[in-house]
Amino acid sequence: MIIQLEKNIDKDLSTKIKSTLNELKFSVNPVSTQFEDYLICIGKNEFDIRSIGHLKGVKDVHRVSDNYKLVSNKWKTKNTVIDLGNDVRIGDGSVSVMAGPCSVENEAQMESITEHLVKNNIKIMRGGVFKPRSSPYAFRGLGIDGLKMMHEFCKPHGIKIITEVMQASQIEEMSPYTDIFQVGARNSQNFNLLDALGESDKAVLIKRGVSGTIEELLYSAEYVFSKGNERLMLCERGIRTFETIYRNTFDINAIQVLKDKSHLPVIADPSHGVGIRNYVPKLALAAVMAGADGIIYEVHEKPEEALSDAQQTLNFMESDLLIQNINKLATFL
Ligand code: PEP
Ligand code: MN
């Protein structure tokens, strides 16, 4: 059960509500986000919810049978829309596009990618500076200096930045240059990181774990929400299966299932989803058809020279065409 409290509720009143709930054998978890105050109540007792709904200080009461409560769509009448400012919104019915290199590499690369985004009216740049790599000898990113460089190029055009954060201690130094923190697949269940992002006011995109179930992804989002941050989105990026002919199995089912189970925007990442450049554009379009609120993909002026994920990165011509097709599809839908 989720109880929404009146804003700035008197402490005595909330104590009274909590003790009434304890009497009904519910454990009570208070949650305060940037938007609302909630009591998340766990218990099985059957009772007339009007007895809680009538209490002073209670704005609304919702029975939510899912174990992930706050991210469930069983209580919210409207889907979550994330407003990044300058008219950039995610989850408002449009198809959001986030495009850019796997990794930020150098100024020339940032200059050409910025030009490409501006030309195609893409409002969000992706680019990693702290890179989780399977091999410790692979390029692991330029770190905070790379992020500052990315910001220098994006800012004059009002382009928003999504970049991966790998550990809680990075959040503070990254925040001034970041609009969306990406939690990568390998960190999808790093609960300390999720807790820390719950205390941030920045938007967060959580990728599904390499072998993560849909339910585990929803629980990861619940961690962030329950620590105070409602500006959240979910990302399908492929899972590891017995199939080895491509990098990952892009689980297009997950897009519809996540949309059905949660009010959060769902973003699809076909680049990591399949891991092979030629297949990315069509899978991106398939994800739009399947109901994704946005697409995140990798693009580079010279993909063959990219320092990471070259094999799945589109070149500018392929990306131009993909954007045209996404726009056509969005209009059609
Ligand atoms: C990435 O976005 O470049 C990345 C490393 O993604 P994932 O965590 O999905 O592998
Ligand atoms: Mn990548």
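Remember, it's 1-based here, ligands and their atoms both numbered in the order they're listed.
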So is [X] polar-close to ligand 1, meaning N/O to N/O under 3.5 Å?
X      : answer
Arg186 : yes
Asp309 : no
Ala185 : yes

For this session: For the residue pair Phe35 and Arg231, establish whether any side-chain heavy-atom pair is separated by less than 4.5 Å.
Result: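 SC-SC contact between Phe35 and Arg231 confirmed.
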Seminar exercise, completed: Numbered in order shown, the ligand 1 atoms found under 4.0 Å of a heavy atom of Cys102 are 3 (O)
Exercise. Quick one: which ligand 1 atoms are inside 4.0 Å of a heavy atom on Gly184?
Worked result: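 Listed by number with element, the hits are 8 (O).
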Problem set entry | Under the salt bridge (charged side-chain N to carboxylate O under 4.0 Å, His left out) test, residues paired with Asp10 that sit two or more places apart | none
Problem set entry | Test item: Asn187 side-chain N/O and Asn190 main-chain N/O as donor-acceptor pair under 3.5 Å |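 Side chain of Asn187 to backbone of Asn190: no pair is present.
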Note the single closest protein heavy atom to [atom], along with its residue, its atom name and the distance in Å.
atom                    : value
atom 5 (C) of ligand 1  : Glu164 OE1, 3.8 Å
atom 2 (O) of ligand 1  : Arg126 NH1, 2.8 Å
atom 10 (O) of ligand 1 : Arg237 NH2, 2.8 Å
atom 4 (C) of ligand 1  : His272 NE2, 3.4 Å
atom 6 (O) of ligand 1  : Lys207 NZ, 3.0 Å

For this session: Could you tell me whether the side chains of Thr33 and Glu230 share a donor-acceptor contact shorter than 3.5 Å?
Result: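 There is such a pair between these side chains.
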Problem set entry | Test item: side-chain donor near acceptor, Asn67 and Lys69, under 3.5 Å | no
Exercise. Can you tell which of Asn22, Ile42, Ile40, Thr20 makes a side-chain contact (heavy atoms from CB on, under 4.5 Å) with Val28?
Worked result: Asn22
Problem set entry | Parallel, tilted or perpendicular: rings of Tyr223 and Phe191 (30°, 60°) |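 Correct class here is parallel.
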For this session: Look at the aromatic rings of His116 and Phe316 and report parallel, tilted or perpendicular, splitting at 30° and 60°.
Result: parallel
Exercise. What distance separates Ile9 CD1 from Ser32 OG, expressed to the nearest 0.5 Å?
Worked result: 10.5 Å
Problem set entry | Distance in Å, His300 NE2 paired with Glu298 CD, rounded so as to fall on 0.5 Å steps | 10.5 Å
For this session: Could you please spell out the steps behind the side chain to side chain donor-acceptor pair (under 3.5 Å) verdict for Ser319 and Tyr297?
Result: CA-CA 9 Å; Ser319 171; Tyr297 68 89; 2.7 Å; yes
Exercise. Which protein N, O or S atoms does the Mn ion (ligand 2) have within a distance shorter than 2.8 Å?
Worked result: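 Checking every protein N, O and S atom gives Cys102 SG, His272 NE2, Glu298 OE2, Asp309 OD2.
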